[in-house]
Amino acid sequence: MNPHDVQEAYSSLAQRYIDLLGSVEVVHPDDLRLIERHLAHLRGPVLDLGCGPGHLTGHLHGAGCEVTGIDLVPEFIAHARRAHPGVPFEVGSLTDVDRADASVAGVLAWYSLIHVEPGRLDGALLGVRRLLAPGGTLVVGFFEGPVREPFEHRVTTAYRWPVDEMAGRLTSAGFVEVERSRRPQEGERRPHAVLVVRAV
């Protein structure tokens with residue numbers, strides 16, 4: 001789907017999404033610890049790309065991180081600014097970020113690449129690599145599955161990825177793997193994976 005369609009799909013359900021998922025209390029504690037461990041200590045700007053309601057941006061800011069949240073959905077950004085005063089948020093696309101090359105120390109892409117079609121993912125990852133200074137850290141959270149395939153997400157079509165295939169895409173985009181985490185389905189929560197990579 002193109003970014004405009006994704007934005008419209010989320011805008012139409014923004015308040016429901018915020019109510020269900022817009023707080024760190026619904027984030028798995030292991031995920032919070034992983035995100036903090038790899039991003040909170042970084043010296044320099046960090047971007048939360050596809051920040052949604054801004055809860056992880058706010059969490060990182062509270063941990064001392066120089067973080068900015070960016071999201072396509074104006075309703076999410078309006079909520080994030082109200083919920084996290086003093087934290088910078090911007091309306092924008094993760095595939096077209098207005099930052100200089102090699103200007104950020106870290107990027108969080110937490111379920112923000114799940115709607116990117118497989119044929120466009122490599123370009124999106126190269127765009128993130130452009131932003132990161134050498135040695136910069138990228139944390140990617142996504143739906144994991146045995147094969148790459150689309151499925152009907154609650155908002156709009158999303159994709160599952162085998163963790164090895166996603167890792168290979170990241171390697172091709174100029175990253176080296178640092179850590180990976182996988183979690184099987186838990187109740188209604190689909191199988192989940194995280195890759196932590198460093199720009200080379």
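Residues S181 and L34 come closest through the heavy atom pair CB-CD1, 4.2 Å. A193 approaches V163 most closely through the heavy-atom pair CB-CG2, 4.2 Å. When all heavy atoms are compared, the tightest approach of A105 to L42 is O-CD1, 3.4 Å.
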Output, in order, the C-alpha distance, side-chain angles, deciding distance and verdict of side-chain contact (heavy atoms from CB on, under 4.5 Å) for R180 and V194.
CA-CA 6 Å; R180 68 172 60 186; V194 184; over 6 Å; no
Check the pair Y159, E149 against side-chain contact (heavy atoms from CB on, under 4.5 Å), reporting the backbone distance first and the verdict last.
CA-CA 5 Å; Y159 293 86; E149 62 183 356; over 6 Å; no
Please assess V26 against L20 for the test side-chain contact (heavy atoms from CB on, under 4.5 Å), listing each intermediate value before the final yes or no.
CA-CA 8 Å; V26 301; L20 289 173; over 6 Å; no
Check the pair V46 / V107 against side-chain contact (heavy atoms from CB on, under 4.5 Å), numbers first and verdict last.
CA-CA 6 Å; V46 172; V107 169; over 6 Å; no
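Contact check on E179 versus R37 returns a salt bridge, with a Lys/Arg side-chain nitrogen under 4.0 Å from an Asp/Glu carboxylate oxygen.
In this view, E90 and R99 satisfy the salt bridge (charged side-chain N to carboxylate O under 4.0 Å, His left out) rule, not counting sequence neighbours. Taking A158 as the reference, I114, H115, F151, H153 meet the side chain to side chain contact (heavy atoms under 4.5 Å, CB included) condition, with sequence neighbours excluded. Scanning for ring-ring contact (aromatic ring centres under 6.0 Å, His included) contacts around H192 gives W110, Y111, with sequence neighbours left out. For R130, the salt bridge (charged side-chain N to carboxylate O under 4.0 Å, His left out) criterion is met by D101, not counting sequence neighbours. Considering only residues two or more places apart in sequence or on other chains, L72 meets the side chain to side chain contact (heavy atoms under 4.5 Å, CB included) condition with P3, Q7, S93. Every residue was checked against the side chain to side chain contact (heavy atoms under 4.5 Å, CB included) condition with R43, not counting sequence neighbours, and none meets it.
Within a 6.0 Å radius of CG in D19, other residues, nucleotides and ligands contribute more than 12 heavy atoms. Counting non-hydrogen atoms of neighbouring residues, nucleotides and ligands closer than 6.0 angstrom, the CZ atom of R160 exceeds 12 such neighbours.
Using modelled atom types and a 3.5 Å distance limit, the side chains of H59 and E36 yield a donor-acceptor pair.
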Can you give the donor-acceptor pairs under 3.5 Å from side chains of residues 133-148 to other protein atoms, not counting sequence neighbours?
| unit_1 | atom_1 | unit_2 | atom_2 | d |
| --- | --- | --- | --- | --- |
| E144 | OE2 | R182 | NH2 | 2.8 |
| R148 | NE | E165 | OE2 | 2.9 |
| R148 | NH2 | E165 | OE2 | 3.1 |

For residues 51-58, run the donor-acceptor check on the side chains, cut-off 3.5 Å, and write out each pair with its distance to 0.1 Å, sequence neighbours left out.
| unit_1 | atom_1 | unit_2 | atom_2 | d |
| --- | --- | --- | --- | --- |
| H55 | NE2 | L21 | O | 3.3 |
| T57 | OG1 | D48 | OD2 | 2.6 |

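Side-chain atoms of R33 do not come within 3.5 Å of backbone N or O of H28 as any donor-acceptor pair. Between the side chain of R169 and the backbone N or O of S172, no donor-acceptor pair lies under 3.5 Å. No donor-acceptor pair under 3.5 Å is formed between the side chain of T95 and the backbone N or O of A124.
Residues V176 make up the rest of the hydrophobic cluster containing V200, defined by ILVMFWY side-chain heavy atoms closer than 4.5 Å, directly or through other members. When hydrophobic residues (I, L, V, M, F, W, Y) are linked wherever their side-chain heavy atoms come within less than 4.5 Å, the members clustered with V91 are I77, V87, F89.
Each salt bridge (charged side-chain N to carboxylate O under 4.0 Å, His left out) pair with one or both residues in residues 104-115, not counting sequence neighbours, would appear here, but there are none. Sorted by first and then second residue, the salt bridge (charged side-chain N to carboxylate O under 4.0 Å, His left out) pairs with a member in residues 58-68 form an empty list; sequence neighbours excluded.
For the pair T171 and E177, the minimum side-chain heavy-atom distance is 4.5 Å or more.
To the nearest 0.5 angstrom, R129 atom CZ is 12.0 Å from L170 atom CG. In this structure, the separation between CG on L125 and CG on L121 is 4.0 Å, given to the nearest 0.5 Å. To the nearest 0.5 Å, the span separating CG on L47 from CD1 on I70 amounts to 5.0 Å.
Residue L108 forms a side chain to side chain contact (heavy atoms under 4.5 Å, CB included) with just one option from L49, L39, V67, and that option is L39.
No continuous path of hydrophobic side-chain contacts links V197 to L126 [ILVMFWY only; heavy atoms under 4.5 Å]. V178 and L32 end up in the same hydrophobic cluster when Ile, Leu, Val, Met, Phe, Trp and Tyr side chains are linked at under 4.5 Å.
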